[in-house]
Amino acid sequence: MKLAGLKTVSNAHGESIWAVTWAPATASRPAKLLSGSLDESVKIWSGDELEEEATNTGHSLGVVAVAAHPTTPIAASTSLDSFVRVFDVDTNTTVSTLESPPSEAWNMRFHPKGDMLAVAGGGSASVKLWDTTSWRTDVSLEVPKGEGANTKSSEKAGGKFVLAVAWSRDGSRLACSTMDGTIAIFDVTRGKFLYNLEGHYMPVRSLAFSPTDSRILFSASDDKHIHMYDVDNKSLICAMSGHASWVLSIDVSPDGLAVATGSSDRSVRLWDLSMRASVQTMTNHTDQVWGVAFRPTGSSGSRSGRLASVSDDKSISLYDFT
């Protein structure tokens with residue numbers, strides 16, 4: 001497996017780019033790339049050409065996360081203004097605007113079936129679940145305080161400030177990560193906290209479940225490590241290292257055989273999971289890499305795999321993944 005640089009768009013936004021995701025292909029078009037920036041906008045790009053198609057505005061502060069619905073042309077963005085804006089990727093029209101208390105809207109992910117949107121609740125130490133039909137939230141999953149081995153360092157590290165979320169492939173489990181390095185696992189059907197996964201002792205800013213195995217969860221942390229967990233057995237399978245600084249973002253390839261990571265060391269790394277090691281380092285960016293995203297399979301007209309990365313250097317890089 002390898003990455004090959006295809007295109008880099010410099011000054012893709014007016015400020016740092018903190019978020020990236022792919023809107024899946026539809027019957028009438030290929031997948032589109034979405035990027036979110038501290039310039040308060042989300043931009044929509046054609047997949048392979050990286051041509052800007054539209055700019056979605058409305059936030060009053062920087063965009064910290066973007067997420068795309070798995071089966072419809074709907075996407076959402078969260079911002080430092082604590083609003084979640086839901087919009088149509090194809091028409092660039094607003095679908096709904098969801099309000100959260102200050103500092104309670106961070107990373108987010110749609111449920112694999114698309115019926116819920118999970119939003120990391122930051123300082124509320126919770127995850128809010130929004131119904132994607134009514135756009136109302138009736139469920140809040142609370143992260144227990146004083147749980148696990150990181151209790152002593154919790155206050156120093158920012159405690160149970162919830163940074164990131166991830167759904168298991170079957171949608172039965174939700175993982176969320178915190179500033180103190182713990183990862184909480186929930187049974188969503190019962191709305192119940194199950195347990196914490198231990199091992200990190202610094203903030204975990206990104207999570208991703210394997211798209212081929214609902215048991216396998218990956219985490220990226222400021223401690224420079226990537227962890228691979230067996231969620232069902234509550235066990236750490238392996239810890240991988242190689243970045244020289246914080247690991248800010250992680251995503252899993254559609255075939256489940258590789259992960260990509262972005263770091264404050266300005267690099268993107270590709271990891272072969274059969275070797276459990278980094279096999280390639282890309283140095284396109286000149287500042288820290290806040291987001292990496294593999295294009296989902298099934299993209300009409302797509303020729304091969306794609307990975308995108310975004311950075312504080314205001315650029316977007318697109319890679320061929322084979």
Query raised in the report: Taking only residues two or more places apart in sequence or in another chain, which ones pass side-chain contact (heavy atoms from CB on, under 4.5 Å) with Thr21?
Result: Leu34, Val66, Ala68
Query raised in the report: Is it the case that one hydrophobic cluster holds both Leu163 and Leu197, taking links as side-chain heavy atoms less than 4.5 Å apart, direct or via other members?
Result: no
Report summary line: Between the CG atom in Leu50 and the CG atom in Leu33, the distance rounded to the nearest 0.5 Å is 6.0 Å
Requested in this report: Please check if the side chain of Asn92 supplies one atom and the backbone of Thr55 the other of a donor-acceptor pair under 3.5 Å.
Outcome: yes
**Report entry** Shortest non-hydrogen contact between Cys176 and Val165, atoms and distance
**Finding:** CB-CG1, 4.0 Å
Requested in this report: Could you tell me whether the side chain of Met240 reaches within less than 4.5 Å of the side chain of Leu273, counting heavy atoms only?
Outcome: yes
Query - Side-chain touch Asp88/Ile74, heavy atoms, less than 4.5 angstrom - result: yes
Report summary line: Separation between CG (Leu98) and OG (Ser82), nearest 0.5 Å, reads 12.5 Å
Requested in this report: Please answer whether the main-chain N or O of Asp313 pairs with a side-chain N or O of Thr286 as donor and acceptor at a distance below 3.5 Å.
Outcome: no
Query raised in the report: Distance-only, no hydrogens or angles: does the Thr132 side chain make a donor-acceptor pair with backbone N or O of Asp115 under 3.5 Å?
Result: yes
**Report entry** Residue pair Trp167 / Pro112: nearest heavy atoms and the distance that separates them
**Finding:** CB-CD, 3.7 Å
Query raised in the report: In terms of hydrophobic clustering (I, L, V, M, F, W, Y; side-chain heavy atoms under 4.5 Å; direct or indirect links), are Leu318 and Val20 co-clustered?
Result: yes
Report task. May I ask you to decide if Val259's main-chain N or O and Ser253's side chain share a donor-acceptor pair within less than 3.5 Å? Result -> no
Query - Residues Lys160 and Glu142 bridged, charged N to O under 4.0 Å - result: no
Query raised in the report: Excluding sequence neighbours, so at least two apart, what forms side-chain contact (heavy atoms from CB on, under 4.5 Å) with Thr212?
Result: Ser210
Report summary line: Heavy atoms of Ser315 and Ile17 approach each other most closely as O-CD1, 3.7 Å
**Report entry** Pairing residues for Ser16 by the side-chain contact (heavy atoms from CB on, under 4.5 Å) criterion, not counting sequence neighbours
**Finding:** Trp18, Leu38, Asp312
Requested in this report: Applying side chain to side chain contact (heavy atoms under 4.5 Å, CB included), run through Val89 and His69 and close with a yes or a no.
Outcome: CA-CA 10 Å; Val89 171; His69 193 280; over 6 Å; no
Report summary line: Rounded to the nearest 0.5 angstrom, the CG-CH2 distance for Leu307 and Trp22 is 8.5 Å
Query raised in the report: Hey, mind stepping through Leu3 and Phe321 against side chain to side chain contact (heavy atoms under 4.5 Å, CB included) and telling me if it holds?
Result: CA-CA 5 Å; Leu3 296 172; Phe321 170 64; 3.9 Å; yes
Query raised in the report: What's the spacing between Arg205 CZ and Leu207 CG if we round to 0.5 Å?
Result: 12.5 Å
Requested in this report: State whether the number of non-hydrogen atoms from other residues, nucleotides or ligands found under 6.0 Å of Trp135 atom CH2 is greater than 12.
Outcome: yes
**Report entry** Hydrophobic cluster membership, Ile237 vs Ile250, 4.5 Å side-chain cutoff
**Finding:** yes
**Report entry** Test item: Val231 and Ser168 side chains (from C-beta on) under 4.5 Å apart, heavy atoms
**Finding:** no
Query raised in the report: Any side-chain heavy-atom pair from Ser219 and Ile183 closer than 4.5 angstrom?
Result: yes
Query raised in the report: With a 4.5 Å heavy-atom cut-off, do Glu104 and Lys128 have their side chains touching?
Result: yes
Query - Whether Tyr319 side chain and Lys2 backbone form a donor-acceptor pair below 3.5 Å - result: no
**Report entry** Partner residues of Thr189 under the side-chain contact (heavy atoms from CB on, under 4.5 Å) criterion, sequence neighbours left out
**Finding:** Asp187
Query - Side-chain ion pair, Arg169 and Asp213, N-O less than 4.0 Å - result: no
Query raised in the report: What residues form a salt bridge (Lys or Arg N to Asp or Glu O under 4.0 Å) with Arg85, not counting sequence neighbours?
Result: none
Query raised in the report: Can you name the closest pair of heavy atoms from Thr97 and Thr94 and give their distance?
Result: OG1-CG2, 4.0 Å
Report task. Going by the salt bridge (Lys or Arg N to Asp or Glu O under 4.0 Å) test, name the single residue among Asp48, Asp251, Asp320 that passes it with Arg295. Result -> Asp48
Query raised in the report: Are the side chain of Ser37 and the backbone N or O of Glu15 linked by a donor-acceptor pair below 3.5 Å?
Result: yes
Report task. Start with the C-alpha distance between His225 and Val247, add both sets of side-chain angles, then the distance that settles side chain to side chain contact (heavy atoms under 4.5 Å, CB included), and finish with yes or no. Result -> CA-CA 7 Å; His225 286 81; Val247 190; over 6 Å; no
Requested in this report: Kindly indicate whether the side chain of Arg29, heavy atoms from C-beta on, has any atom under 4.5 Å from the side chain of Pro73.
Outcome: yes
Query raised in the report: Phe209 and side chain to side chain contact (heavy atoms under 4.5 Å, CB included): which partner among Val252, Ile216, Leu217, Leu174?
Result: Leu217
Query - Stepwise side chain to side chain contact (heavy atoms under 4.5 Å, CB included) check, Ser41 with His13 - result: CA-CA 8 Å; Ser41 74; His13 282 268; 3.3 Å; yes
**Report entry** Expected output: side-chain Asn107 to main-chain Ala120 donor-acceptor under 3.5 Å
**Finding:** no
Query raised in the report: In this structure, are over 12 heavy atoms from other groups packed under 6.0 Å from Lys7 atom NZ?
Result: yes
Query raised in the report: Would a distance-only check, ignoring hydrogens and angles, find a side-chain to backbone donor-acceptor pair under 3.5 Å from Ser79 to Leu61?
Result: yes
Query raised in the report: Do the charged groups of Asp90 and Lys32 touch, with an N to O distance under 4.0 Å?
Result: yes
Query raised in the report: Are Val119 and Leu129 joined in one hydrophobic group, where the rule is that I, L, V, M, F, W and Y side chains link up if heavy atoms are under 4.5 Å apart?
Result: no
Query - Hydrophobic cluster identity match, Phe83 and Phe110, side-chain contacts under 4.5 Å - result: no
Report task. Could you tell me which non-hydrogen atom of Ser317 sits nearest to which non-hydrogen atom of Thr8, and how far apart they are? Result -> OG-OG1, 2.8 Å
Query raised in the report: If we only count heavy atoms from C-beta on, is the Leu257 to Ser274 side-chain gap below 4.5 Å?
Result: no
Requested in this report: Would you check if Leu270 and Asp272 make a side-chain contact, meaning some heavy-atom pair closer than 4.5 Å?
Outcome: no
Report task. Grab the two heavy atoms, one from Ser221 and one from Pro203, that are nearest each other, plus how far apart they are. Result -> OG-O, 3.1 Å
**Report entry** Donor-acceptor contact present, side-chain Thr78 to main-chain Val84, <3.5 Å
**Finding:** no
**Report entry** Donor-acceptor contact present, side-chain Thr178 to main-chain Thr182, <3.5 Å
**Finding:** yes
Report summary line: To the nearest 0.5 Å, atom CD1 of Ile316 lies from atom CD of Glu52 at 8.5 Å
Report summary line: In short, side-chain hydrogen bond (donor to acceptor under 3.5 Å, both in side chains) pairs touching residues 227-243 with sequence neighbours left out are His200-His227, Arg215-Asp230, His227-Tyr229, Asp230-Asn233, His243-Thr261, His243-Asp265, His243-Ser267
Report task. Enter the distance from Glu51:CD to Trp45:CH2 here, rounded to the nearest 0.5 Å. Result -> 8.5 Å
